[in-house]
Amino acid sequence: MSLAQAQPPPPASGQRSGAKTTAGDGTSVNAPISGRDRVYTADQTSNTVTVIDPNTNRTLGTIALGVQRLGTTLSPQYTGNVGVHGLALSRDNKRLGVVSVTSNTVDIIDTATNKVINETDVGRASHEGTFTADGEQFWVADRGRDTVTVVDAVRGGVVTSFKVGPGPSKVVLSPDGRTAYVNHISAPEITAVDVRTHKIRYTIKGLGDAFSSDEAISPDGTELWASHKRAGLTSVIDLKRRRVTAVLKTGPDTNHPNFANTKNGSFAYLTVGGLDQTHVYRRNPGGTPKLVTRIHHAGHAPHGMWPSGDGTRMYVGMEKSDAVDVIDTATNKVTDTIGVGKEPQALVYAPNAAPVGSADNLGRQGLGDAPRNVPTTLPDGTAGEPMRPADKGRRLEATVRSVSGLGMIQLQARDLQPTTTYQASAVQKDGSRTSLLSFTTDSSGNAAQVLAFADFTGVSVSLASEGKATAQTLARMTAAAAASMHPGSDGAVEAADLLYCDCC
């Protein structure tokens, strides 16, 4: 279908098996779940794409796009991908677009064979993208620049790039394929782009925060939900009236939104990683949506999500548990948990994507060895990992994975002392301590992602304060952040810009 042709609008509310409905990207699909359907997760630490058969909820294997992560530095001799993070589907579900946020690459994968068709180097800190309606191009947002890069999805290579404003984070497409919507990590706005001309049509301002980690467009094309991970908010945008209609207080590490049309109505689902919850809202186009329920996950840090073709299930990647939870949208209960690769980020559901039973060209990289979320102790001796009331989440989380025989220790801290340096140590069974690393919090007392690679034999992680960060440390962090500011920005360095994080 050409970009100029409009698709028929999807139904206002979806049906159960046997009918036609829409997936989260506006694609019209046959509803019944079958052995030809596939679920994919982008696994950031194992640098894989996990492939799941939703008919059986069984992991078929993984597509390796690089070796497993053992640091954050790229060697010039290494040519694989690093930071497999973003996913998108072509509208015929025959191709999968995979964005690696550290190596700045886009891979196009044939869903029937699980083979990489082509690979393209794109813009700095590329994050999430989308296929054009005809499937011929893949548009990806370059967070480290102010551009969207257009990739030839058939032959590979960059077609062009164009400016859309500071820190674009993701691109989604209207159901008719004519308009692309871009959110940002450095501006509280949505940029609407004409797909044919690459010109900005209009900008919607007034979002709840300048940092928007993810966004999703409703199947009927009337609403766009933009999540604000750092602020714990979600902006709801009326695309007809081109204005923000609600800013919801959703909780720490609010991340991917998506939609499900069910027999009970039309709902928005939203992962809240810091609470280990998925929130469900009844849509109210033009007004404020109503919170229906909070789904509590047994695993940690729900991240990407996508509905099945018939809207009866919602698949949710659990970033710190290396798993996918399956939610029954009729009951809003978790009915199954499936093991996947290490540190799943984005997730997509592809109806009729592959032959029944096919697991061609799949391996096992990243599977097995589930991570441990270990106890933590704060400098004052109190426990850091219990969930705090008033939707504040945990103060200190520690996740330990086995990666190529080495322990990967991942810390996340909230509400510690601002601009303070902390020493993290592994606590052994006998109470002795082994130093792991030191890190410095931002002006809000947060550290979004702290990584160490070591032979971890401890039973917990403890923090000790080393006092206020030195002037030299703050100057180094500020200089590094200023050097990486988006072109066209005012050069001001926010506290959160001082911290490395590829988990958004």
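These values consider heavy atoms only, across backbone and side chains, with no hydrogens, waters or symmetry-generated copies.
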Problem set entry | Whether over 12 other heavy atoms sit under 6.0 Å from Gln417 CD | no
Exercise. So, Asp325 versus Thr337: side-chain donor-acceptor pair below 3.5 Å or not?
Worked result: yes
For this session: List the steps, then state whether salt bridge (Lys or Arg N to Asp or Glu O under 4.0 Å) holds for Glu343 with Lys320.
Result: CA-CA 6 Å; Glu343 204 179 7; Lys320 295 180 181 177; over 6 Å; no
Problem set entry | Donor + acceptor pair across side chains of Gln428, Thr457 (<3.5 Å) | yes
Exercise. Could you walk me through whether Val39 and Trp306 pass the side-chain contact (heavy atoms from CB on, under 4.5 Å) check?
Worked result: CA-CA 9 Å; Val39 176; Trp306 206 272; over 6 Å; no
Problem set entry | Residue pair Asp253, Arg414: steps toward the salt bridge (Lys or Arg N to Asp or Glu O under 4.0 Å) verdict | CA-CA 11 Å; Asp253 294 350; Arg414 303 181 186 92; 2.8 Å; yes
Exercise. Taking it one step at a time, do Thr293 and Asn332 satisfy side chain to side chain donor-acceptor pair (under 3.5 Å)?
Worked result: CA-CA 8 Å; Thr293 190; Asn332 284 322; 5.6 Å; no
Problem set entry | Value rounded to 0.5 Å, distance of CZ in Arg230 from OG in Ser213 | 9.5 Å
Exercise. Will you find, in the side chains of Asp142 and Ser126, an N or O donor that is under 3.5 Å from an N or O acceptor?
Worked result: no
Problem set entry | Ser46 side chain vs Gly366 backbone, donor-acceptor pair below 3.5 Å | no
Exercise. Are the aromatic rings of Tyr281 and Trp225 close, with centres under 6.0 Å apart?
Worked result: yes
Exercise. So, for Val427 and Ser462, which heavy atoms are closest and what is the spacing to 0.1 Å?
Worked result: CG2-OG, 3.6 Å
Exercise. Rounded to the nearest 0.5 Å, what separation is found between the CG atom of Asn57 and the OG1 atom of Thr335?
Worked result: 7.0 Å
For this session: Could you tell me whether the side chain of Thr191 and the main chain of Val164 form a donor-acceptor pair under 3.5 Å?
Result: yes
Seminar exercise, completed: Smallest heavy-atom separation, Glu189 atom then His184 atom, equals O-CD2, 3.2 Å
Problem set entry | Thr147 (side chain) donor-acceptor with Arg145 (main chain) under 3.5 angstrom | no
Exercise. Will you find, in the side chains of Glu397 and Gln410, an N or O donor that is under 3.5 Å from an N or O acceptor?
Worked result: no
Exercise. Is there a donor in the side chain of Thr329 and an acceptor in the side chain of Thr262, or the other way round, less than 3.5 Å apart?
Worked result: no
For this session: Apply the test side-chain contact (heavy atoms from CB on, under 4.5 Å) to residues Gln345 and Glu319: give CA-CA distance (whole Å), side-chain angles for both, the deciding distance (0.1 Å), then the verdict.
Result: CA-CA 6 Å; Gln345 303 291 302; Glu319 180 180 344; 3.4 Å; yes
For this session: Carefully, step by step, assess Thr105 and Asn81 under the rule side chain to side chain donor-acceptor pair (under 3.5 Å).
Result: CA-CA 7 Å; Thr105 45; Asn81 290 343; 3.0 Å; yes
Exercise. Does Asn183 offer a backbone N or O that forms a donor-acceptor pair with the side chain of Ser169 under 3.5 Å?
Worked result: no
For this session: Side-chain contact test, heavy atoms from C-beta onward, threshold under 4.5 Å: evaluate it for Thr399 versus Ile409 and give yes or no.
Result: no
For this session: Decide yes or no on side-chain contact (heavy atoms from CB on, under 4.5 Å) for Val49 and Val84, but give the supporting numbers first.
Result: CA-CA 8 Å; Val49 173; Val84 175; 4.2 Å; yes
For this session: With rounding to the nearest 0.5 Å, note down the distance linking CD in Gln68 to OG1 in Thr45.
Result: 8.5 Å
Seminar exercise, completed: The salt bridge (Lys or Arg N to Asp or Glu O under 4.0 Å) partners of Asp121 (sequence neighbours excluded) come to none
For this session: Taking atom NZ of Lys333 as the centre, report whether more than 12 heavy atoms of other residues, nucleotides or ligands fall under 6.0 Å from it.
Result: no
Problem set entry | Shortest non-hydrogen separation from Phe453 to Leu406 and the atoms involved | CB-CD2, 3.7 Å
Exercise. Hey, is the main chain of Gln365 close enough, under 3.5 Å, to the side chain of Thr62 for a donor-acceptor pair?
Worked result: yes
Exercise. Cation over ring, Arg282 on Phe267, under 6.0 Å and within 45°?
Worked result: no
Problem set entry | Minimum side-chain heavy-atom gap Leu65-Thr48 below 4.5 Å | no
Exercise. Quick check: does any side chain N or O of Ser425 sit under 3.5 Å from a backbone N or O of Arg433, one acting as donor and the other as acceptor?
Worked result: no
Seminar exercise, completed: Note: Ser235 and Val247 closest approach over all heavy atoms is OG-CG2, 4.1 Å
Exercise. Hey, is the main chain of Thr382 close enough, under 3.5 Å, to the side chain of Thr377 for a donor-acceptor pair?
Worked result: no
Exercise. Do side-chain atoms of Asn47 reach the backbone of Val67 as a donor and acceptor pair under 3.5 angstrom?
Worked result: yes
Exercise. Roughly how far apart are Thr288 OG1 and Asn284 CG, rounded to 0.5 Å?
Worked result: 7.0 Å
For this session: Walk me through it: do Glu223 and Val236 pass the test side-chain contact (heavy atoms from CB on, under 4.5 Å)?
Result: CA-CA 7 Å; Glu223 284 186 336; Val236 181; 4.0 Å; yes
For this session: Could you tell me which residues satisfy salt bridge (Lys or Arg N to Asp or Glu O under 4.0 Å) with Asp214, sequence neighbours excluded, listed by chain and number?
Result: Lys170
For this session: First locate atom CG of Asp43, then atom CG of Asp322, and finally report the distance between them rounded to the nearest 0.5 Å.
Result: 8.0 Å
Problem set entry | Polar side-chain atom of Ser465 near backbone of Gly467 as donor-acceptor pair, under 3.5 Å | yes
For this session: Drop me the distance from Phe211's CZ to Leu233's CG, to the nearest 0.5 angstrom.
Result: 13.0 Å
For this session: Output, in order, the C-alpha distance, side-chain angles, deciding distance and verdict of side chain to side chain donor-acceptor pair (under 3.5 Å) for Arg313 and Tyr315.
Result: CA-CA 6 Å; Arg313 301 177 190 172; Tyr315 285 79; 2.7 Å; yes
Problem set entry | Under 3.5 Å side-chain donor-acceptor pair for Ser444 and Asn446 | no
Exercise. Nearest heavy-atom pair of Gly123 and Thr149: which atoms, and what distance?
Worked result: N-OG1, 3.6 Å
For this session: Give the ring-plane orientation class for Phe131 versus Phe138, where under 30° counts as parallel, over 60° as perpendicular and anything between as tilted.
Result: perpendicular
Exercise. Can any side-chain N or O of Thr234 pair as donor or acceptor with the backbone N or O of Leu248 at less than 3.5 Å?
Worked result: no
For this session: Could you tell me whether Glu385 and Arg395 make a salt bridge, using a distance below 4.0 angstrom between a side-chain N and a carboxylate O?
Result: no
For this session: Check whether the side chains of Thr278 and Arg294 place a donor and an acceptor atom closer than 3.5 Å, and report yes or no.
Result: no
For this session: Considering non-hydrogen atoms only, spot the tightest contact between Gly317 and Val324 and give its length.
Result: CA-CG2, 4.2 Å
Problem set entry | Working for salt bridge (Lys or Arg N to Asp or Glu O under 4.0 Å), residues Arg388 and Asp415 | CA-CA 11 Å; Arg388 295 178 293 167; Asp415 301 328; 2.7 Å; yes
